[in-house]
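In the text below, chain A, chain B and the rest are named by the order of the sequence lines, each starting its count at 1.
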Amino acid sequence: MNSAHQGIWILAEQSQGRIDPVSYELLGRGRILADKRKHPLTAVILGAELPDSELQQLIARGADRVLHASAAELAIFTPEPYSACLCALIQEEKPEILLAAATSSGRTVMPYIAGKMRLGLTADCTDLDIEADSGLLLQTRPAAGGNIMATIKTPTERPQMATVRPHSSRPAEPNSDRPGEICRWEPPAALLSSRVRRVSFERAPDARGIQDAEVVIAVGRGIKKAENMSLARKLAGLLDAAVGASREAVDRGWAPYSGQVGLSGKTVSPKVYLAAGISGAVQHLAGMQTSDTIIAINTDPEAPIFQYSELAICGDLFTILPLLTDKIAASRKQS
Amino acid sequence: MNILVLIKQVPESQATRMDESTGTIVREAANSVINPLDLHALECALILREQSDTTVNLDCLSMGPPAAVSVLKEAIALGADQGYLLSDRKFAGSDTWCTARTLAAAIAKIGSYDLILCGERATDGETGQTGPALAAMLDLPVLTYASAISRSAGGWRVRRMLEDGYETVETTGPAVVCVLKEASVPRLPTLAGKRRARAASCRVIDAAELGIDPADTGLNASPTRVVSIFRPNHLKHSERLSALDPAGVERAVEKIIAIFRQKGVL
Ligand SMILES: Cc1cc2nc3c(=O)[nH]c(=O)nc-3n(C[C@H](O)[C@H](O)[C@H](O)COP(=O)(O)OP(=O)(O)OC[C@H]3O[C@@H](n4cnc5c(N)ncnc54)[C@H](O)[C@@H]3O)c2cc1C
Ligand SMILES: Cc1cc2nc3c(=O)[nH]c(=O)nc-3n(C[C@H](O)[C@H](O)[C@H](O)COP(=O)(O)OP(=O)(O)OC[C@H]3O[C@@H](n4cnc5c(N)ncnc54)[C@H](O)[C@@H]3O)c2cc1C
């Protein structure tokens, strides 16, 4: 049964007809696996009729082939049509591996497909590799609030499936000379019916998803009151960063829940995570410890977060953040 | 109307102990609790029952060791009507596919539900895959990341938290809904509730009674295999700066800016 399955697939995502950058992270991962397995890399993308110019982006970033399921019903994510189309494609083409992003849609459609087709699925992977002898996909993921890491295999069922934590790897660089093929597929109406209908959508006021931000300025109980949140917001505004918060800050109503980082909030791994007035409880660390670089500002020299930071600044956030903001604003004016 | 809440028993503390030699998690039954998000799911069910004009039957279902009866009793203390525990060594080691398959087999046996609620994820395995996989097996739509839930004309209206905002969706009939913390504020058990829970008996169902194919449940039937477990090493070799005087503050700020530049974000 295994040898009948060929090819590495990634599930690319789009919103409003534009490819989401998380797709390029998957292509980076997928390319490495495809080269190791000597299999072609296919990017599957569902949506309403995407133009070639947009699909070419996926080829430029590493896909040998783009498989585009296009229908008006696929413009936004709905679980049933998405999974029905993907199940049909998997049955037809029998890929060996399917990777998706661990986003709200990826984390919904992948287990739904796994449930329908009796497939193994590993959640939220931060590391993927091919085992030398067996050629199996080695999937490594954090669990138990980041306290443990587990490596997981799917010995028999195909495709082997994993969701991959956004920002856990760099996006593939584009190369517009790469060759590749675009295949379009119009799914039959039977696959597009849904018992769920979107009735409205409100863009979050802080429209930039905290999980997409390259920089997160996070504050905790040390910020002391709601009015002081402007210190974080001003700095974040200059850097095009998102504002994050500990549960203490969220529970006190100083910051919205959508910005809560940690076990019962969001998991982020930006290029820079600046934590001001956050002690570093294990539940907070669970949501940010895979960040590329962590900077902590805390008055307590014993704050646990210091152990997890590249730069540990023992000092008062009320003097440091304003000066930092002023200096960055001034350097912006000069240039 | 019938509502089912899925409840997982999890270790209370995140400081899981690990047996490094065997790569397995050491579970101490003594300090097991209801998965925190399942309390939010239960609270949503209790509120829907309070708001309903018709009688609502509220059941809870858990798969776990015999001791997991305690989390079902806790749910009854909070207001659930009946608890079902799936317990058998044959279920042990199930991955999310087998867990969902076993839960689905039980649901087919115990009743038909207009709404099945679960937590968005459990604090130990943390996959968030059980709810969607279960929905697929029951051929129901799934609504994940739910931050609010209410009745709609023919089904349910659910507000979902996505990366870039909130969407509101409606279903035409029964659904599986996986809730976030935002969905509700769990109540505390009342004295009367605790008394009722003490008197209540939960129904325990084993593999034989469930009649599940051994090829569908437990470690050996699971598509995924945990091949190793290890402790992550996130401890960093930090550079320490003291910023307790103006010169120190200045140095710290310069250093932060240098990192922003080096990372290409400034
Ligand atoms: C099941 C469960 C889930 C949880 N989920 C989450 C979660 O998702 N996210 C989360 O964050 N927490 C979560 N928690 C809570 C967590 O345990 C901590 O309580 C919380 O993270 C602490 O927030 P804090 O660091 O802001 O507050 P504190 O621990 O009170 O720390 C405040 C820090 O600010 C410092 N400080 C004070 N004044 C200043 C100043 N002027 N300048 C600089 N530093 C200053 C102090 O030294 C201190 O270190 C969870 C807990 C449980 C039990
Ligand atoms: C370190 C580690 C990593 C793992 N990684 C994976 C993996 O990547 N893929 C995989 O398939 N399996 C994995 N497993 C196995 C998985 O944890 C189990 O299958 C478990 O039964 C599902 O747990 P979860 O914590 O992921 O649940 P989640 O899917 O996160 O739970 C979501 C909700 O489903 C309901 N629910 C879950 N379990 C039960 C239950 N037993 N009884 C009643 N309701 C329940 C609850 O409402 C819960 O809030 C892993 C296990 C470990 C120890």
Side-chain angles (χ1 to χ4, degrees), chain A residues 79-80 103-104 107-108 111-112 114-116 118-123 142-145 147-155 157 195-204 207 209 211 214-215 239 257 264 271-272 282 289 293 295 306-315 319-320 323-324 327, chain B residues 14 16 18 36 96-97 100 123-129 132-133 135-137 141-145 162-173 181-182 223-232 234-236 238-244 248-249 252-253 255-257 259-260 263 265-266:
Chain A
E80 293 165 281
T103 51
S104 61
R107 285 175 50 86
T108 305
Y112 204 83
K116 285 273 182 212
R118 194 197 222 286
L119 295 170
L121 173 62
T122 305
N147 277 298
I148 57 172
M149 301 290 288
T151 300
I152 293 172
K153 282 201 276 207
T154 303
E157 281 76 5
R195 290 168 287 181
V196 176
R197 189 174 59 92
R198 182 187 269 196
V199 290
S200 65
F201 180 72
E202 299 155 52
R203 197 159 285 283
Q211 286 165 305
E214 294 205 319
V215 180
L239 293 162
Y257 173 68
S264 46
K271 285 189 183 165
V272 183
V282 61
Q289 63 191 1
T293 301
I295 302 174
F306 282 164
Q307 289 182 289
Y308 301 86
S309 310
E310 269 76 16
L311 180 61
I313 299 171
C314 183
T319 58
I320 297 167
L323 186 68
L324 179 61
K327 288 234 165 164
Chain B
Q14 279 304 302
T16 26
M18 220 174 61
T96 56
W97 191 91
T123 52
D124 50 354
E126 272 196 307
T127 65
Q129 293 177 177
M137 291 166 183
V142 66
L143 299 166
T144 48
Y145 301 94
L162 309 180
E163 284 78 4
D164 53 352
Y166 287 89
E167 77 165 4
T168 300
V169 295
E170 281 181 3
T171 71
T172 51
K181 183 186 165 205
E182 260 190 329
T224 63
R225 292 293 146 84
V226 177
V227 290
S228 69
I229 287 190
F230 53 98
R231 282 222 181 268
H234 288 294
L235 290 184
K236 302 222 167 123
S238 332
E239 175 175 353
R240 292 240 174 190
L241 285 182
S242 166
L244 299 169
V249 171
V253 165
K255 186 71 205 179
I256 297 174
I257 290 176
I259 290 180
F260 284 160
K263 292 286 157 190
V265 296
L266 188 68

What is the minimum heavy-atom distance between [X] and [Y], and which atoms define it?
X	Y	result
G125(B)	A143(A)	O-CB, 4.0 Å
A136(B)	Y112(A)	CB-O, 3.2 Å
P79(A)	V142(B)	CG-O, 3.4 Å

### Query
Hey, which of A114(A), G120(A), S200(A), A123(A) has the most heavy atom pairs under 4.5 Å with chain B?
S200(A)

### Summary
Looking only at T151(A), T319(A), T154(A), most heavy-atom pairs under 4.5 Å shared with chain B are made by T151(A)

With only heavy atoms counted, which part of [X] is less than 4.5 Å from chain B, the side chain, the backbone, both or neither?
X	value
E80(A)	side chain
V215(A)	side chain
V272(A)	side chain

Rounded to the nearest 0.5 Å, how far does [atom2] of [Y] lie from [atom1] of [X]?
X	Y	atom1	atom2	answer
I295(A)	S238(B)	CD1	OG	12.0 Å
R240(B)	S309(A)	CZ	OG	8.5 Å
T293(A)	I256(B)	OG1	CD1	12.5 Å
L324(A)	F260(B)	CG	CZ	5.5 Å
S104(A)	E163(B)	OG	CD	3.5 Å
L266(B)	E214(A)	CG	CD	12.0 Å

### Task
Tell me, please, which residues at least two apart from R198(A) pass side-chain hydrogen bond (donor to acceptor under 3.5 Å, both in side chains).
E167(B)

